[in-house]
2 protein chains.
Amino acid sequence: MIDVFKNYLFLTGALSAEEINFSVNFFKPISLKKGDFFIREGDTCRYIGFIACGAIKAYAIDREGKENITCFKFENEFATSFPEFAAQEKSRRSIRVIEDSIIYGISYPDYLHLLDQVTAWNGIIKSVMEREYGQKELYLLNYNNKSAADKYCHVLMHEPMLVRRIATQDLASYLGITQRSLTRAKGQLHRPK
Amino acid sequence: MIDVFKNYLFLTGALSAEEINFSVNFFKPISLKKGDFFIREGDTCRYIGFIACGAIKAYAIDREGKENITCFKFENEFATSFPEFAAQEKSRRSIRVIEDSIIYGISYPDYLHLLDQVTAWNGIIKSVMEREYGQKELYLLNYNNKSAADKYCHVLMHEPMLVRRIATQDLASYLGITQRSLTRAKGQLHRPK
DNA sequence: ATAATTATAGGACAAATGTCCTTATACAGT
DNA sequence: ACTGTATAAGGACATTTGTCCTATAATTAT
């Protein structure tokens, strides 16, 4: 599994082979089963994790107690909210594993050492953050103020992995509609007329 | 009017009095009347502008030809999309004046010279961009997947200037609802039950 | 000042979405 | 393999939102 992580780092093109081997020693493998928490809302954001395999959902609970999913992450992606981690603030979201996963986690002190000793990591983090920002913009553009049917069509065309791997109720939460509206959209599309 | 701009720069705390006087010479006053364009969608983003007085709306036209307002800016704010300006790309939005306004505009070549000669401007731009990012997050949090009534209540409590200065149809567009839904929300709130 | 234009509020109905529910299917634990 | 739990699809109805329209108020141009 560590090879998945090493391969990811290799593909960034930012690190030499020695730097990769040196870097991964800072990360500890964490094995989590479906349903386990990686971070709980309100706790200090102590780790960032690289998902070697599996999947997570990030969500906040609103006043009515409803789970509000803001994103999913899969293998070969980092799982955390960087701003909160970098500032060591309390997390505004929970991150929970939705498939059995292996996550390579790094603590905040180790993260600081790593950035200090392998400066190319600054560039890796920067590009991860830029991708995050771009994803947020795209979400707004594609899902904000769209009908349930439009949302489902878009996710089907442009994020098909979500349809395959995410439970209906979680996908509905991500799209900001009820499960009923999502199954209705599916039904209409598959039996058109 | 130039004093409004100078005062804004003074309050940033980033520039000396000499730097302020030097800086403002790069900006040219542009007087626009309600309805005039500052930037048209598809044109290269040639200027950024500081709004000394007045107000603008930024919007894109969707496939159905409907105006989709993404933000409003008022006096003492910068009007432009920085990423597109910095990359000199074609603008993905139009910026149009909704009150008679005086905007201090700087061209891209002058902007480069300014950053080069008064390096503290990098910090000013950075903090403006951070504020932009924060505003986008807040929009998502407060208006995405909320009912029309919730949206109106929130704007009334937390962005009351919009209710006072923005036309109903434009505010509805910003909130992602129809004008009918907005007036309905108003009616319910003012004649409760 | 007057006329023409534009903006706002709200009625009536249609369409979309949410709530509550039941049934069938898939999955997990023993 | 069997039982209990979780998940998905969809019916029936209530609520919300959108569309179309009209009447009034406000704004702009002449």
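Hydrogens, waters and symmetry mates play no part in the numbers below; they use all other heavy atoms, side chains included. Below, read A as the first sequence line, B as the second, and so on, with proteins coming before strands; counting in each chain starts at 1.
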Exercise for the section: Verify the ring-centre separation between B:Phe50 and B:Phe78: is it less than 6.0 angstrom? Expected result: yes
Problem - Donor-acceptor pair under 3.5 Å, A:Arg184 side chain vs D:dG11 base - result: no
Handout entry: Minimum-distance nucleotide (side-chain atoms of A:Ser181 versus D:dA8, C:dT17, C:dT19)
Key = C:dT17
Handout entry: Integer-rounded Å distance: C:dT25 C1' and A:Lys186 NZ
Key = 14 Å
Handout entry: DNA chain D: 5'-proximal contact among B:Lys34 and B:Arg180 (nearest heavy atom)
Key = B:Arg180
Exercise for the section: Would you indicate what A:Gln179 reaches in the nucleic acid, counting non-hydrogen atoms under 4.0 angstrom: base, sugar-phosphate, or nothing? Expected result: base
Fill in the blank from the handout: side-chain contact (heavy atoms from CB on, under 4.5 Å) with B:Asp110: of B:Leu114, B:Ile106, B:Leu112, only one passes, and it is B:Ile106
Exercise for the section: Report yes or no: do B:Asn21 and B:Lys6 form a side-chain donor-acceptor pair below 3.5 Å? Expected result: yes
Practice task
Let me know the distance between CD of B:Gln188 and P of D:dT17, rounded to the nearest Å.
Solution key: 8 Å
Handout entry: Whole-Å distance separating the CG atom of A:Asn145 from the C1' atom of C:dA16
Key = 15 Å
Exercise for the section: Run the salt-bridge test on B:Lys33 and B:Asp100 with the 4.0 Å N-O cut-off and return the result as yes or no. Expected result: yes
Exercise for the section: Carefully, step by step, assess A:Asp170 and A:Lys57 under the rule salt bridge (charged side-chain N to carboxylate O under 4.0 Å, His left out). Expected result: CA-CA 9 Å; A:Asp170 283 353; A:Lys57 63 179 175 184; 3.3 Å; yes
Handout entry: Atom-pair distance (OH on A:Tyr152; P on D:dA9), nearest Å
Key = 8 Å
Problem - Length of the CG-P vector between B:Leu189 and C:dA9, whole Å - result: 13 Å
Exercise for the section: Take atom CD1 of A:Ile166 and atom P of D:dT7, then tell me their distance rounded to the nearest Å. Expected result: 13 Å
Handout entry: Any B:Thr168 side-chain nitrogen or oxygen under 4.0 Å from OP1 or OP2 of C:dA9
Key = yes
Exercise for the section: Check the distance between D:dG18's P and B:Leu182's CG and give it to me in whole angstrom. Expected result: 10 Å
Exercise for the section: Could you check how far CD of A:Gln169 sits from P of C:dG18, rounded to whole Å? Expected result: 15 Å
Problem - Presence of A:Thr183 side-chain N/O under 4.0 Å of D:dA9 phosphate oxygens OP1/OP2 - result: no
Exercise for the section: Please determine if a side-chain N or O atom of A:Ser147 lies less than 4.0 Å away from the OP1 or OP2 oxygen of C:dA16. Expected result: no
